Amino acid sequence: MARLDSIQSLQNKGSLAEWRLDLFSRIDIAWMQTLLQDSSGPVLLTVRKSSQGGKFQGTERQRKGLIRRLLALEPPFFDLECDTSPRFIREMMREHPKTQFILSYHDFSKNPIDLERIYFSMQKYPAFSYKIAKTVNSTNEALALLLFAKEHPKASVICMGKRGEFARVLGPVVGNLIGYASADSKRPTAPGQLNAATLNTIYRYPALNQQTAIYGLIGDPIEKSRGHLYHNRAFQTLGLNAVYIKMKVKPKELPQFIQQAVAIGIQGLSVTIPLKEEILPFLDEIEPKAQQIGAVNTLLFKEGKIRGTNTDGLGALDAIEKRALVKGKKIVLLGAGGAARAIAFEAKTRGADVLILNRTVERAKRLAADLGCQGGRLDEVPDDYDILINASPCSMPIDPKKIRPFTLAMDVVYSPRETDFLKQAAFTQCQLIYGEEMFLNQAARQTAFWLKQ
Ligand code: NAP
């Protein structure tokens with residue numbers, strides 16, 4: 001159980017503390033009374049039965065008896081499950097007008113539910129909020145629940161499970177009257193629940209409201225991305241009422257995702273693998289450079305249109321040109337995927353001589369042909385280059401002996417920071433550029449694209 005002082009400190013900041021009494025081995029009503037009286041902020045009491053995901057051990061009759069005794073203490077908030085007997089719910093609500101009731105519905109299954117029907121059946125009781133907690137299996141499912149909350153002011157939706165994490169952040173943005181976080185960082189009380197420290201420090205949860213602009217990352221995988229750390233910090237520094245969340249989206253989910261992203265009012269997105277090309281058919285406008293590259297990593301939703309741009313190449317070249325201009329320099333690029341493509345185009349635009357080497361040689365040759373340069377195999381690293389860039393996720397894609405001493409060596413991978421490639425380059429006394437620097441540069445350019453349009 002989280003320490004009392006950490007709960008009190010959260011309450012002092014305006015949070016509601018939920019006491020999940022079904023998790024207690026013994027409940028002393030006199031102690032509960034003292035706790036309610038001494039509480040530094042509002043309290044919500046819950047005694048959840050097992051069919052609703054709770055751990056209450058006794059019979060339903062014993063549970064109702066306990067609820068009666070607890071409600072006699074007049075707690076500010078009380079959670080009652082909507083499948084408790086209707087007579088009991090009505091009686092409790094009638095007899096305890098000073099308590100605000102959260103009427104709750106939980107579904108831990110992976111099956112779809114009829115939200116309208118559930119919400120309609122809950123509304124026969126005069127509750128403060130109607131809470132629908134559902135396990136979600138995809139970003140699209142979570143967005144559908146969030147849209148429901150946006151359209152129904154007294155509904156609070158809780159998206160349980162890993163895929164629902166981002167939706168827990170967006171609760172206040174869609175008008176949820178209640179949201180949940182664990183006070184203890186190591187022990188969530190429901191699947192996918194974030195802890196209060198993460199919500200407050202990274203996402204600035206207490207400051208979020210229905211005017212907050214939503215930005216985020218889409219792609220798969222997204223776990224390693226640090227975009228949420230960078231962009232939320234940037235919004236805070238700029239004094240913007242905006243939040244950035246990470247959403248796992250697969251190519252086949254894009255049509256529904258885009259429709260729901262527009263409906264919920266998303267204003268901008270970062271796009272990562274494998275969606276940088278897959279997203280193109282959904283865009284109304286593509287910046288000329290991104291059009292040339294054939295991939296985007298940034299979207300702006302504005303005035304009913306979706307515009308795309310690509311900041312990857314700019315991010316990488318800005319980092320390199322902080323050390324040395326690339327005009328007239330020979331760059332060897334390892335990889336021919338999305339990142340390599342964006343870097344190669346930008347390097348060519350800035351006047352570099354680019355050689356593309358890739359595991360799949362045909363892909364290197366195709367990209368080289370698009371750019372009007374040379375392509376080849378990974379074992380064809382020449383001796384006379386100025387800059388070597390690893391644009392593949394492989395930690396060491398070439399023979400380490402091929403790294404030329406005293407040149408500039410860059411890796412696009414930023415997690416881990418020290419790749420084998422950079423370790424070897426450091427050993428041969430190259431000047432190093434970490435993937436992190438490219439990441440920060442391209443992210444800053446994304447912020448600018450979102451805000452300066
Ligand atoms: P991608 O489109 O999937 O391309 C991957 C490239 O790496 C391909 O050329 C692939 O060769 C090559 N490759 C993959 N595994 C390899 C291996 N084991 N040995 C040798 N070559 C290998 O991916 P991407 O979008 O270009 O991203 C590449 C990396 O850059 C990712 O790790 C990504 O996270 C990172 N990135 C970083 C930033 C940043 O801001 N720092 C921005 C964008 C991307 P084949 O063609 O033979 O498959």
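As the structure lists them, so they are numbered: ligands from 1, and atoms in each ligand from 1. We're numbering straight along the sequence, starting at 1. Keep in mind it's a predicted model, so treat the numbers as computed, not measured.
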Would you say atom 19 (N) of ligand 1 has a protein heavy atom nearer than 4.0 Å? yes
When you check the gap from the basic side-chain N to the acidic O, do D318 and R350 get nearer than 4.0 Å? yes
Would you name the heavy atoms of Y180 and L44 that are closest together and state the gap between them? OH-CD2, 3.8 Å
For G308 and A290, work out which heavy atoms get closest and say how close. O-CB, 4.4 Å
Of the choices E436, R359, R226, K224, which has the non-hydrogen atom that lies closest to atom 17 (C) of ligand 1? R359
Check ion pair E253-K250 (N to O, under 4.0 angstrom): no
The atoms of ligand 1 lying under 4.0 Å from a heavy atom of K276, numbered in the order shown, are 43 (C)
Has ligand 1 got any nitrogen or oxygen that is less than 3.5 angstrom from a nitrogen or oxygen of A339? yes
For the residue pair Y203 and T198, establish whether any side-chain heavy-atom pair is separated by less than 4.5 Å. yes
Which of the numbered atoms in ligand 1 are below 4.0 angstrom from a heavy atom of V413? 32 (O)
Under-4.0 Å heavy-atom contact between protein and atom 43 (C) of ligand 1: yes
Considering the heavy atoms of A336, write down every atom of ligand 1 situated less than 4.0 Å from one of them. 9 (O)
G315 touching ligand 1 at heavy-atom level, < 4.0 angstrom: no
Closest to atom 8 (C) of ligand 1 among R341, R363, R366 (heavy-atom distance): R363
Out of D411, I273, T272, indicate the one that has the non-hydrogen atom closest to atom 3 (O) of ligand 1. I273
Which of the ligand 1 atoms, numbered from 1, are nearer than 4.0 Å to a heavy atom of G335: 9 (O)
Using a strict 4.0 Å threshold on nitrogen-to-oxygen distance, state whether E436 and R226 make a salt bridge. yes
Shortest protein contact, atom 10 (C) of ligand 1 (heavy atom only): N358 OD1, 3.9 Å
Just one of V296, N297, I286 clears the side-chain contact (heavy atoms from CB on, under 4.5 Å) bar with I279, so which one? V296
Between S129 (side chain only) and K154 (backbone N and O only), is there a donor and an acceptor less than 3.5 Å apart? yes
Heavy-atom nearest option to atom 14 (C) of ligand 1, drawn from A364, P393, G338: P393
Test side chain to side chain donor-acceptor pair (under 3.5 Å) applied to T212 and N241, step by step: CA-CA 5 Å; T212 301; N241 182 7; 2.6 Å; yes
Based purely on interatomic distance, does G435 place a nitrogen or oxygen under 3.5 Å from a nitrogen or oxygen of ligand 1? yes
I'd like to check whether P397 has a polar contact with ligand 1, where a contact means an N/O of the residue lying under 3.5 Å from an N/O of the ligand. no
For atom CD of Q374, decide whether the heavy atoms of other residues, nucleotides or ligands shown that lie under 6.0 angstrom number more than 12. no
Side chain or backbone, does T360 bring an N or O within less than 3.5 Å of an N or O on ligand 1? yes
Taking 4.0 angstrom as the limit and counting only heavy atoms of Y414, give me the atoms of ligand 1 inside it, by number and element. 41 (N)
